[in-house]
Structure formats: structure tokens, C-alpha cells
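For reference, the structure is listed below as C-alpha cells.
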Amino acid sequence: MRLLLALLAVAALPSAGAESHWCYEIQAKTSTCLGPDKWSGNCQKDRQSPINIVTTKAKLDENLGRFFFSGYDKKQKWTVQNNGHSVMMLPENEATITGGGLPAKYRAIQLHLHWSTLLDEGSEHSLDGDRFAMEMHIVHEKEKGTSRNVKEVQNPEDEIAVLAFLVEAGSTVNAGFQPLVEALTKVPKPEMNTTMRESTLLELLPKEEKLRHYFRYLGSLTTPSCDEKVIWTVFKEPIQLHKEQILAFSQKLFYDKDQKLNMTDNVRPLQRRGQRTVFRSQAPGRLLPWSLPALLVPMLPCLMADFLR
Ligand SMILES: *[C@@H]1O[C@H](CO)[C@@H](O)[C@H](O)[C@H]1NC(C)=O
Ligand SMILES: *[C@@H]1O[C@H](CO)[C@@H](O)[C@H](O)[C@H]1NC(C)=O
Ligand SMILES: [Zn+2]
């Protein structure tokens, strides 16, 4: 009888260790971890991310003005960590954002990326059905007491603001990304961390004047528990990295301690947009009346050369 009870007790224990951890599709193929269709928490709800953005259907919102970045230009020593799902940069100094139609001030807490070896499969969001080589997420947390709304109600829908940048392969090395790319070799396995060569957040971004054009919607974290508390900004202007810089992420990083599975395709599948509206910031400035001659003047010698030929 005692033995039977003991056996029952063992059987009733949650199968320790086998209580599988979440993972991406590519990992679920070769292990017992839980792939995206089995993610729990809030992951099966209906205001999830990422989504496909149909740019022509995005609704213009006049309140979506420019962003104001603070501390983004300050050199700092980032901690870089392989967290088993991505590579993450953690700031030592404060960096915050306001503007951009955000309801408060938000503080950067970490930055990470998603990628693939295929240059049209590595982003989480897509624009008109097109995926990009990578996607960078700068995750910010709402600062308490900075809401523009006087009667500040804790609105859980926008607790987190993620700035999402699509990345495409260009023909030149992006010097701003080199400190991170160089740090990858130091963190091949999960839980490893290192310190990056000093650099700024601004060095990672497209030119500031290009950051006026973006899409906005309310969604979720793209990893479990997929909390629906993210105010998303997806910038229209992609970041350009050299192809070798992009591939370095898949080559240097691994999902597992045995370094058997390269960390790649760490991308959540698209989620339904459902009833949500995607907004866009003010349309790009029209060609101003004086800009046409300004464009033509430098072309004149060419035109004349053609004419004289
Ligand atoms: C980095 O790793 C070391 C050694 O494993 C650990 O002691 C330290 O707490 C880690 N630092 C961070 C910021 O995770
Ligand atoms: C996987 O990692 C190895 C070792 O770094 C590398 O040689 C190989 O190119 C990587 N595979 C892919 C598909 O990136
Ligand atoms: Zn992310």
C-alpha cells in the first residue's frame, strides 16, 4: 500500500523538467519544447503581434508627430546577453522617448533583434506582405507620473512602447552596428553576457529626419506571455546592414548550450489584425515649389551633354 501511494505521488508530480519551455518553430522541430501554436499565457488572445501592415489602408493620424529622443546620443557601455531566444542589449544609463503620439514618457529597458538567414524571412512585422532580413525592437516602459492625461489612469494597454525597425541588406558595412556584431562572438550560448565597446543608440537608427514616418497600433509582446500592453511603432525607413553583418547573428549565436542549433528564425508567425486599426504618421512632405529647380540644376550639365552629343 505504501509503495502504491508513493508511486501515485510520483505520478501526480508535474513531470519535472519536461514542463517544456516555449521556443520558436525551428526549435520545436527537433525538441519537445512548445512552439508558437502552443504558447500559453495571453498568446492565443486576439490583439496579438506581429501583424502584416497594409500601408495603403493605414489611417492618417495627425497626432502622430515626431519623436523626441533623450539619452539616445549618449555613449554608454551596453551589457549584451544571449537570453536563449535573442541577443539583448541592456543600457547602463537612461534613454527616454516622448512625442510620437505617445501618451507619456517612456524609458528604454532593453533592445533585441529577430532574424533569419533568409533575407526576406527575418522580420516579425511585414509591410504589404513583405518581410525583411531582421527586425530590431527597442523596448520602453512607461514612466510613472509622466502621462499627459492629468487624471492619470494606469492604462495597461500602453504600459510598454516598442520602437520597431526593419532591417534590410545593403551594400556597405553599417559602422554603428559593428560594436554589437563584434560582441556576438562573446555570447554564443544562452545566459552568456559581455560588455560592448562604447556606443550610442542613435548610431543604430536611420537618420533622424527619416523617423517621421511610421505606423502605430496596439498589440502585444511577441514572446510569451504575449501580454497585450504594447503601443507599437513600426518605422517605415529600414536600417541597412551589410549582408555579412546580418548573417553573423545566425552564425555566432546558438539556442542551446551544446551549440547544436544556430540561433536563427527567432520570429513569431503573423497574427490576425482583427478589429484593430493601424494608423500612420503625417504623409511625407510634398515636393516644395522650390525643390524642383533645386533638383534640376545639378542635372543640367548632364542634360546639356546629352543634347550636345
Ligand atoms: C553576466 O554573467 C555573469 C557570469 O555568469 C553574472 O555573474 C552576471 O550577473 C551577469 N550579468 C548580467 C547583467 O546578466
Ligand atoms: C551555424 O554556426 C556555424 C558555426 O558558427 C556556422 O559555421 C554556420 O554557418 C552556421 N549556420 C548558419 C545557417 O548560419
Ligand atoms: Zn522582439
Side-chain angles (χ1 to χ4, degrees), residues 22-27 29-30 36 39 41-43 48-53 80-91 106 108-126 131-141 159-167 169 180-190 192 201 204-205 215 217-235 238-239 241-271:
W22 71 270
C23 67
Y24 288 105
E25 230 153 65
I26 190 170
Q27 298 170 274
K29 281 181 194 156
T30 54
W39 289 359
N42 301 296
C43 302
Q48 292 287 298
S49 297
I51 59 169
N52 173 48
I53 294 170
V80 178
Q81 192 173 51
N82 177 335
N83 66 11
H85 309 291
S86 181
V87 62
M88 188 159 81
M89 284 168 56
L90 304 157
Y106 288 76
I109 51 174
Q110 53 111 324
L111 174 158
H112 64 267
L113 297 101
H114 303 266
W115 61 87
S116 172
T117 53
L118 302 172
L119 301 181
D120 58 355
E121 295 270 332
S123 67
E124 294 206 303
H125 287 89
S126 58
R131 304 247 300 271
F132 289 69
M134 305 181 89
E135 185 166 327
M136 178 171 88
H137 290 159
I138 312 181
V139 182
H140 302 75
E141 222 169 40
E159 245 350 84
I160 302 283
V162 180
L163 300 187
F165 296 87
L166 302 162
V167 178
L180 175 59
V181 171
E182 286 163 13
L184 299 179
T185 48
K186 308 254 176 63
V187 293
K189 306 178 197 185
M192 292 182 101
L201 268 179
L204 301 175
L205 309 189
F215 301 98
Y217 78 100
L218 293 175
S220 74
L221 299 173
T222 65
T223 54
S225 46
C226 310
D227 302 5
E228 295 184 330
K229 59 180 186 187
V230 180
I231 180 162
W232 279 95
T233 303
V234 179
F235 289 92
I239 294 170
L241 292 195
H242 193 280
K243 189 178 175 192
E244 295 304 325
Q245 291 183 300
I246 295 170
L247 294 180
F249 287 79
S250 302
Q251 289 162 357
K252 310 294 184 201
L253 302 173
F254 293 85
Y255 282 121
D256 58 319
K257 295 206 160 121
D258 301 332
Q259 298 190 212
K260 288 209 171 102
L261 189 59
N262 296 52
M263 188 180 279
T264 192
D265 297 310
N266 49 357
V267 173
R268 185 187 194 192
L270 288 174
Q271 305 292 304

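This is a predicted model, so every value here is computed, not measured. As the structure lists them, so they are numbered: ligands from 1, and atoms in each ligand from 1.
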| request: Name whichever N, O or S atom of His137 ends up nearest to the Zn ion (ligand 3). | output: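 The His137 atom nearest to the Zn ion (ligand 3), restricting to N, O or S, is ND1.
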| Under-4.0 Å protein heavy-atom contact, atom 7 (O) of ligand 2 |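 Within 4.0 Å: no protein heavy atom nearby.
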Please list the nearest protein heavy atom to [atom] with its residue and the distance rounded to 0.1 Å.
| atom | value |
| --- | --- |
| atom 5 (O) of ligand 2 | Gln251 O, 2.7 Å |
| atom 12 (C) of ligand 2 | Asn262 ND2, 3.4 Å |
| atom 13 (C) of ligand 2 | Thr117 CG2, 3.9 Å |

| When the ring centroid of His125 is compared with that of Phe165, is the distance short of 6.0 Å? |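 No: the rings miss the under 6.0 Å criterion.
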[X] and [Y]: side-chain donor and acceptor closer than 3.5 Å?
| X | Y | answer |
| --- | --- | --- |
| Tyr255 | Thr264 | no |
| Ser49 | Trp232 | yes |
| Glu124 | Thr222 | yes |

| request: Identify, by atom number and element, the atoms of ligand 2 in contact range of Ser250, meaning under 4.0 Å from any of its heavy atoms. | output: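 Answer for ligand 2: 14 (O).
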| Steps toward ring-ring contact (aromatic ring centres under 6.0 Å, His included) verdict (His114, Phe249) | CA-CA 9 Å; His114 303 266; Phe249 287 79; over 10 Å; no
| Ignoring hydrogens and geometry, is there a side-chain-to-backbone donor-acceptor pair from Ser116 to Asp265 under 3.5 Å? |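 No, Ser116 side chain to Asp265 backbone: no donor-acceptor pair under 3.5 Å.
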| task | Compute the angle centred on the Zn ion (ligand 3) spanning NE2 of His112 and NE2 of His114, and express it rounded to 10 degrees. | result |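 About 110°, to the nearest ten degrees.
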